[in-house]
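Take a look at the structure set out below.
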Amino acid sequence: MDQQAAEKRVQELHVQLNQLNYEYHVLDQPTASDAEYDQLLRELINLEETFPQLKSPDSPTQRVGGAVLDMFEKVQHQSPMLSLGNAFGEQDLLDFDRRVRQAVGDQISYVCELKIDGLAVSLRYENGLFIQGATRGDGTIGEDITSNLRTIKSIPLRLNKPVSIEARGEVFMPRKSFEALNALKTERGEELAANPRNAAAGSLRQLDPKIAASRNLDIFLYNIADVGETGVTSHSAGLDLLESLGFKTNKERRKCASIEEVISYVNEWTEQRPNLPYDIDGIVIKVDSLAQQEELGTTAKSPRWAIAYKFPAEEVVTTLKSIELS
Ligand SMILES: NC(=O)c1cnc(OC2CCCC2)nc1N
C-alpha cells in the first residue's frame with residue numbers, strides 16, 4: 001500500500017473507530033463487537049507503525065500515553081469553576097425560588113440535573129481537538145490531568161465540529177468499576193477504596209496514565225464555560241449543543257416550569273437513586289435562561305442562579321448514643 005492509499009485508509013479508520021467508540025461509551029448502544037473494534041484498531045496501529053507520519057494526537061490509538069509524569073502542571077481556569085450552595089430540605093428550595101423570583105420576576109424555568117458524586121473537571125478544545133483537561137482545584141487554579149482524561153473513552157479526542165470550546169463536567173467511577181477495583185485490591189491485600197468518589201479522585205491523581213486507563217472512569221458534561229460565540233441562550237440549549245458535539249451528558253435532566261415540579265423531581269430521584277449505576281449525592285437546580293443567570297450573578301464562589309439539593313446522609317449508626325446509654 002502506498003502512502004496516499006495509507007492516508008485514505010487511516011482517515012476511514014479514524015471515522016469508523018470514533019463512531020464505534022461514541023456508540024459504545026457515550027450512547028451506551030454498541031453496534032459492533034469488541035472483536036470488530038479491536039480488529040480495526042489493530043489495522044490502524046499497524047498502519048501508524050508502517051507510516052509514522054500518519055499518527056496524529058487525536059488518533060484512537062493515542063488514548064493511553066506512554067510517559068509517566070513526575071508531577072502535574074498548574075492550570076489557571078479562564079473563568080472560575082464555581083461551587084454550589086446547598087439546600088437541605090424543601091423550605092430551602094422554596095427560599096431559593098423566592099430569591100430568584102424577587103430578582104428576575106416570575107417568568108422562570110429551571111433545569112434539574114442529577115448531582116454526580118465525582119470530581120469536577122474542565123475540558124478545553126481548540127478547532128475540535130481536545131487540548132487540555134484540568135481539575136477544579138480551588139476554582140481558579142487546577143492541575144493539568146490531560147493525559148489521564150484522554151484515557152476516559154467517553155471523552156472525545158476530536159469533536160463532531162471544529163469548534164473551540166471549554167466544557168465542564170464530573171468525572172466519576174461507575175459502581176461496577178468500583179466493585180472491580182476493590183475486588184482487585186482485596187486480591188492484592190491492598191487497602192480498599194472507601195467509595196467511588198474517592199476512587200475516582202485517586203485514579204485521576206495517578207502520574208502514570210496506564211493506571212488511570214485501568215480504572216474505567218466515566219464523565220458527564222454539564223456546563224459550557226464560555227457560551228460567548230456559541231449563540232446559545234439557555235442552559236438546556238447548551239447541554240443539547242454539548243451532546244451534538246459528541247459529549248456525554250446525563251439524560252435524566254429535566255426542565256421544570258415551577259419549584260413544585262423541581263420538588264417532585266427531587267422526590268422521584270430520592271427514591272430511584274439506588275437503581276442508578278453510579279453514585280449521586282443530590283440534585284442540581286439551575287435557572288435555565290442565561291440572561292437571567294447573568295442578572296442573578298454569583299457570590300464570591302457560588303452562582304445565585306443554581307443550588308444543590310443534598311440528599312440526607314445515609315443513616316449513620318451513631319456510636320455516641322451507645323456510649324451515653326452505657
Ligand atoms: N456534580 C454535578 O453533577 C454538577 C456539578 N456542578 C454543576 O454545575 C456547576 C456549574 C455552575 C455551578 C456548578 N452541575 C452539575 N450537574
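Both counts, for ligands and for their atoms, begin at 1 and track the order of listing.
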Nearest non-hydrogen protein atom, [atom]:
{"atom": "atom 9 (C) of ligand 1", "result": "Tyr222 CE1, 3.8 Å"}
{"atom": "atom 14 (N) of ligand 1", "result": "Lys286 NZ, 3.0 Å"}
{"atom": "atom 10 (C) of ligand 1", "result": "Asn223 ND2, 3.6 Å"}

Using heavy atoms and a threshold below 4.0 Å, how should the contact between [X] and ligand 1 be classified: side chain, backbone, both, or neither?
{"X": "Ile116", "result": "both"}
{"X": "Trp305", "result": "side chain"}
{"X": "Arg168", "result": "neither"}
{"X": "Asn250", "result": "neither"}
{"X": "Pro303", "result": "side chain"}
{"X": "Glu113", "result": "side chain"}

- Could I get the full list of ring-ring contact (aromatic ring centres under 6.0 Å, His included) partners for Tyr278, not counting sequence neighbours?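 If we apply the ring-ring contact (aromatic ring centres under 6.0 Å, His included) test to Tyr278, skipping adjacent residues, the hits are Phe172, Phe220.
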- Same cluster (ILVMFWY, side-chain, under 4.5 Å), Leu159 and Val121: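 Yes, it is one cluster - the side chains of Leu159 and Val121 are joined through contacts under 4.5 Å.
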- Can a non-hydrogen atom of Ile280 be found less than 4.0 Å from any atom of ligand 1?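 Heavy atoms of Ile280 never come under 4.0 Å of ligand 1.
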- Can you list the ligand 1 atoms lying under 4.0 Å from a non-hydrogen atom of Leu114?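 Answer for ligand 1: 3 (O), 16 (N).
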- What atoms in ligand 1 come closer than 4.0 Å to a heavy atom of Val284?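 Taking each heavy atom of Val284 in turn, ligand 1 has 4 (C), 14 (N), 15 (C), 16 (N) under 4.0 Å.
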Is the side chain of [X] donor-acceptor paired with the backbone N or O of [Y] at a distance under 3.5 Å, no angle test?
{"X": "Arg273", "Y": "Ile280", "result": "yes"}
{"X": "Thr135", "Y": "Glu143", "result": "yes"}
{"X": "Asn148", "Y": "Leu204", "result": "yes"}
{"X": "Glu36", "Y": "Ser33", "result": "yes"}

- For Gln292 and His235, does a side-chain donor sit closer than 3.5 Å to a side-chain acceptor?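 The answer is no; no qualifying pair exists.
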- Under 3.5 Å: N/O of Leu84 near N/O of ligand 1: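 The answer is no, given that Leu84 and ligand 1 share no N or O pair closer than 3.5 Å.
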- Item | salt bridge (Lys or Arg N to Asp or Glu O under 4.0 Å) against Asp92, all qualifying residues, sequence neighbours excluded |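 In terms of salt bridge (Lys or Arg N to Asp or Glu O under 4.0 Å), with neighbours along the sequence ignored, Asp92 is linked to no residue.
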- Message: Can you confirm if the aromatic rings of Tyr110 and Tyr265 lie within a centre distance of less than 6.0 Å?
- Response: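 No, the ring of Tyr265 stays outside the 6.0 Å limit from the ring of Tyr110, centre to centre.
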